[in-house]
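Notes follow once the structure below has been shown.
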Amino acid sequence: MADTYVLGIDSGGSGVRVGAACVAPVSGGSTEKPLTWSSPTPAAVGEHGIDAAGLLSRVLPAARELLRGAGVPRVDAVCVGAAGMASLGDDLRATLPDALADAFGARQLALAADAVTAYAGALGQRPGAVVAAGTGMIALGALPEGRGTDGHPGGWRRADGWGHLLGDCGGGAWIGRAGLEAAMRAYDGREGGSRPLLERVEAVLGPAAQLPGQLYPRPDRPAVLASFAPEVGRLADADPVANGILRDAARHIAQAAEAVCPRVEAAEVALTGGLFRMGAPLLTPLHRELTTRLPEARVSEAAGDPLDGALCVASALARNDLRLPRDAALLHIVDLG
């Protein structure tokens, strides 16, 4: 197995990344760091969903260069993790199997939702839950295959991730919107307002009365809302309203983790995503909520990111050791012959 390589492809909202790695043995991790390539430009989305031809035009040359650097022309398995795979991945599912088999001689291909590769990067194939929080928020839990005992069937469970209008409760856009609402309450003189948050709004975004005109026409409203979340975090120690917003966010995030985390021995909850860089103002109440709701689970930082997760899944395929639940929408395995 020492000469066997795999490819991982991570296609997300912040760009596309490719990794090539030597397959790690079952008993431990790889001793070599993967070779990686990245582009800050996300994959295009068109009439038929994620544009497979456009993605391949960037990924194939990059992967060939990585493999050339490793001194290997072929790979045993490939995992593609993509944001929108479940709902926008028809073109990927139709095009990638033949293209990747022809280009690299791969025997197996995993087509995964980005939440699955985030899970695998954070926890590997261990049972537990991953909370991914940035602009939005989604929790994904898994009980890997072969662990379904005592009434706990293996499989995936998802909570939230429904976007800023229907959910993403506790995520960056949710926190930012709550902070802006508290600022507007203070501007009006209504109960529940925060004068410190109002001052930050006017310092960062301009006059409060002009905020609706700045915000509502924007196609990137979730990102604009989330950009105010750090201001809420900075005021949390001094402003009770900001502090309360983050306590509420922590409760929402913990509720999502509780909804998906399998109730089995040695389950873990991993936190991943840019929102948690806010630090203690959010993490302190979140750890308190998780301890209350999931007292037997161990809370940890994510071990790796979604590209690490794609390589983890591809390596498990190459070893014939994939224990994460297979699912037509979330983790679909294609035998390339």
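Along the sequence shown, residues are numbered consecutively beginning with 1.
Nearest approach of Glu268 to Cys261, heavy atoms of both residues: O-SG, 4.4 Å. Scanning all heavy atoms of the two residues, the minimum distance from Ala208 to Leu198 falls at CB-CD1, 3.8 Å. Nearest heavy atom pair, residue Phe104 against residue Arg64, reads CE2-CG, 3.8 Å. Considering every non-hydrogen atom in both Ala77 and Leu317, the closest pair reads CB-CB, 4.0 Å. Across Pro262 and Gly128, no two heavy atoms sit closer than the pair CD-O, 3.3 Å. Closest approach of Phe228 and Gly179 over heavy atoms only: CE2-C, 3.9 Å.
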After noting the C-alpha distance and the side-chain angles of Ser11 and Val80, does the key distance pass the side-chain contact (heavy atoms from CB on, under 4.5 Å) rule?
CA-CA 8 Å; Ser11 175; Val80 180; 5.5 Å; no
Before you tell me yes or no, could you show the steps for Leu294 and Arg263 under side-chain contact (heavy atoms from CB on, under 4.5 Å), namely the whole-Å CA-CA distance, both residues' side-chain angles and the distance that decides it to 0.1 Å?
CA-CA 9 Å; Leu294 296 167; Arg263 303 305 200 273; 3.9 Å; yes
Working note: Arg195 + Glu199, criterion salt bridge (Lys or Arg N to Asp or Glu O under 4.0 Å); need CA distance, chi angles, decisive distance, verdict.
CA-CA 6 Å; Arg195 177 62 57 176; Glu199 292 173 355; 5.3 Å; no
Residue pair Val299, Leu286: steps toward the side-chain contact (heavy atoms from CB on, under 4.5 Å) verdict
CA-CA 10 Å; Val299 181; Leu286 177 56; over 6 Å; no
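In terms of modelled atom types and a separation under 3.5 Å, the side chain of Asp91 and the main chain of Ala52 share a donor-acceptor contact. Not a single donor-acceptor pair under 3.5 Å links the side chain of Asp102 to the backbone N or O of Ala99.
Side-chain contact between Met137 and Val131 is present, with at least one heavy-atom pair separated by less than 4.5 Å. A 4.5 Å side-chain heavy-atom check between Ile245 and Asp248 finds every atom pair outside the cut-off. Inter-residue side-chain proximity for Leu7 and Val59 is flagged as unmet; no heavy-atom pair is nearer than 4.5 Å. The side-chain heavy atoms of Val232 and Asp239, taken from C-beta on, include no pair separated by under 4.5 Å. Side chains of Arg251 and Arg247 form no contact here, defined as non-hydrogen atoms less than 4.5 Å apart. Taking the side chain as every heavy atom from C-beta outward, Arg158 and Ile138 approach each other to under 4.5 Å. Within the 4.5 Å cutoff, side-chain heavy atoms of Leu96 are placed close to those of Leu56. Side-chain contact check for Leu324 versus Trp156: some heavy-atom pair is nearer than 4.5 Å.
Note on Trp174 and Leu197: same hydrophobic cluster, where clusters join Ile, Leu, Val, Met, Phe, Trp and Tyr whose side-chain heavy atoms are under 4.5 Å apart, directly or indirectly. Grouping the Ile, Leu, Val, Met, Phe, Trp and Tyr side chains by contacts below 4.5 angstrom, directly or via other members, places Met278 with Val224.
For the side chain to side chain contact (heavy atoms under 4.5 Å, CB included) criterion with Pro97, the lone passing option out of Asp335, Leu336, Val78 is Leu336.
The environment of CZ in Phe276 is crowded: more than 12 heavy-atom neighbours from other residues, nucleotides or ligands sit within 6.0 Å. Enclosure of atom CG in Asn320 is not indicated, since only 12 or fewer non-hydrogen atoms of other residues, nucleotides or ligands lie within 6.0 angstrom. When the shell of 6.0 Å around CZ of Arg190 is examined, it contains more than 12 heavy atoms from other residues, nucleotides or ligands.
Side-chain atoms of Thr4 and Asp76 include no donor-acceptor pair closer than 3.5 Å.
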